[in-house]
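Input: a single structure, listed below in structure tokens.
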Amino acid sequence: MEAVYWMNMAQEIAALADEEIVKRVQSGDAERFGVLVERYEPRLHRYAKKILLDGDEADDAVQESLIKAYVNIQSFDATRKFSSWVYRITHNECMNEIKRKRGKVTIALPDFDVLLPHLVADETSTDEVDRKQMRQELDGFLGTLDPKYREPLVLYYFEELEYQEIADVLEIPVSTVGVRLRRGREALGRAMQKNSTSL
Amino acid sequence: MENEQKKPIKENILAAISSGRVTMRPRWHFVLRAVLLVLGVTLAALAVLYLGSFIAFSLRQTGVWLAPGFGSHGWFVFFRSLPWLLIGGAILFLVVLEVLVRRFSFAHREPLIYLTIGILAVAIAGSVFIIPLQRAAFRAARRDHMPFPGQFYLDFGAPHFLDIHRGTVMSRDGNQFVLQDPAGMQVTVLVASDTRMGPDDAGFGPGDTVVVFGHQEGSTVYAEGIRVDRW
């Protein structure tokens with residue numbers, strides 16, 4: 001009887017949306033945070049590894065991100081998407097790690113992508129068909145791309161986030177997501193061309 | 001291969017939570033932070049509005065804002081007479097305000113330029129809107145009804161700049177008139193045939209407030225230009 005009860009409970013939890021689970025954690029059911037860790041650890045690890053280009057650093061970044069998510073979970077507004085929130089925390093961890101590796105303090109210059117308005121250029125269905133091919137191409141050249149362009153490409157092609165979600169994660173306007181994706185693809189094209197001519 | 005090397009992140013985290021090494025911050029912590037943020041935004045916005053309106057008021061009060069109308073020399077005097085210290089303070093608070101406002105999630109949804117223009121527009125419009133309050137404060141300071149900030153108003157609100165003289169016409173006699181500034185000092189203004197005046201400015205008389213642009217020698221001002229200040 002007890003086994004059936006726990007099985008039903010597990011099924012019920014598995015069927016809950018992230019935000020419902022967050023509400024339970026916020027109410028004091030801390031153990032339920034394990035469900036969120038189970039759901040997000042592989043995704044966040046894949047994302048962090050593609051940004052940091054190092055598996056061990058990605059492990060550390062993901063563990064730190066999930067701990068920070070737990071510590072700050074009372075600040076999460078359950079009417080919003082948990083995925084964007086937790087990706088945002090991981091993004092911050094990855095950026096901190098990249099800055100730490102660079103080892104010098106740099107002055108943040110104004111980013112004109114964020115400063116000025118752009119027209120939104122949504123992906124078309126044709127682009128959707130090319131997603132798989134894009135992922136293969138990106139895998140070989142991620143290291144050549146500036147993190148500023150690498151991140152939206154990874155979030156779009158690997159994590160399959162929508163423009164609005166990417167905008168929430170990176171805290172940039174939706175129109176800027178489109179601009180960075182386009183520039184990222186152009187940079188990827190240049191890197192591939194350079195590689196083919198050097199062979 | 002990757003799976004073999006993978007650290008048990010879930011176990012680490014749950015162990016840290018159950019042992020109490022990692023604890024949830026209480027809700028009041030975030031409520032307090034939000035309240036402090038709103039308070040910071042409010043104080044920075046008030047500082048911007050106060051300084052902005054005070055700058056606008058002092059430019060009007062001293063007549064400096066009319067100086068560019070007197071040609072290139074007027075522009076030179078205008079820039080030389082601007083209250084740069086106050087302008088620097090206002091810019092500093094504007095930057096603080098923008099940094100604080102960017103901590104709100106809505107601030108990231110639109111290009112940064114919109115936020116900057118929005119804050120500037122509100123600051124300028126708000127500053128202009130509350131100039132009458134600054135004028136009332138200045139009048140109270142002159143009547144010695146403001147013990148603490150009164151001197152501040154008298155120092156900044158009625159400074160005497162070289163080449164710009166704003167005051168009330170006490171008497172007019174042909175090509176000269178007597179001008180009294182807000183501090184009660186009187187000078188004689190000489191009007192020449194080439195003194196610049198607007199089409200509506202020539203007929204001023206006793207009781208009118210005018211801004212005279214011209215070099216002062218002793219108690220005589222040689223007017224290069226005159227504007228009636230109808231503020």
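What you are looking at is a predicted structure, and each value in this text was computed from that prediction instead of being measured.
- The environment of OH in A:Y40 is crowded: more than 12 heavy-atom neighbours from other residues, nucleotides or ligands sit within 6.0 Å.
- Here the shortest heavy-atom pairing between B:P111 and A:P173 reads N-CG, 3.6 Å.
- Here the closest heavy-atom approach between residue A:A30 and residue B:I17 is recorded as CB-CG2, 4.2 Å.
- Using a 4.5 Å heavy-atom cutoff, the side chains of B:R109 and A:V174 are not in contact.
- Heavy atoms from other residues, nucleotides or ligands lying under 6.0 Å from CD of A:E186 number more than 12.
- More than 12 non-hydrogen atoms from other residues, nucleotides or ligands lie less than 6.0 angstrom from CZ of B:F104.
- With a 4.5 angstrom heavy-atom cutoff, B:T116 does not touch chain A via any of its atoms.
- For the atom pair OG1 of A:T176 and CG of B:L112, the computed distance is 10.0 Å after rounding to the nearest 0.5 Å.
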Under the side chain to side chain contact (heavy atoms under 4.5 Å, CB included) criterion, do A:Q74 and B:M24 qualify, and how do the steps go?
CA-CA 7 Å; A:Q74 293 289 1; B:M24 212 184 277; 3.4 Å; yes
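- Side chains of B:K10 and A:E38 form a contact here, defined as non-hydrogen atoms less than 4.5 Å apart.
- Counting heavy atoms from C-beta outward, A:S75 and B:R33 have side chains that stay 4.5 Å or more apart.
- Heavy atoms from other residues, nucleotides or ligands lying under 6.0 Å from NZ of A:K50 number more than 12.
- Contact of A:R80 with chain B is made through the side chain alone, with heavy-atom distances under 4.5 Å.
- Between chain B and the residues A:I73, A:N72, A:I172, the largest count of heavy-atom pairs under 4.5 Å involves A:N72.
- With a 4.5 Å cut-off on side-chain heavy atoms, B:R27 and A:Q26 count as touching.
- Contact detail for A:V71 and B:T23: the closest heavy-atom pair is CG2-O, 3.6 Å.
- Within the 4.5 Å cutoff, side-chain heavy atoms of B:V22 are placed close to those of A:Y70.
- Counting non-hydrogen atoms of neighbouring residues, nucleotides and ligands closer than 6.0 angstrom, the CE atom of B:M185 reaches no more than 12 such neighbours.
- In this structure, A:R135 places its CZ atom where more than 12 heavy-atom neighbours from other residues, nucleotides or ligands lie under 6.0 Å away.
- B:R21 contributes atom CZ, which lies 8.0 Å from atom CD1 of A:I67 (distance to the nearest 0.5 angstrom).
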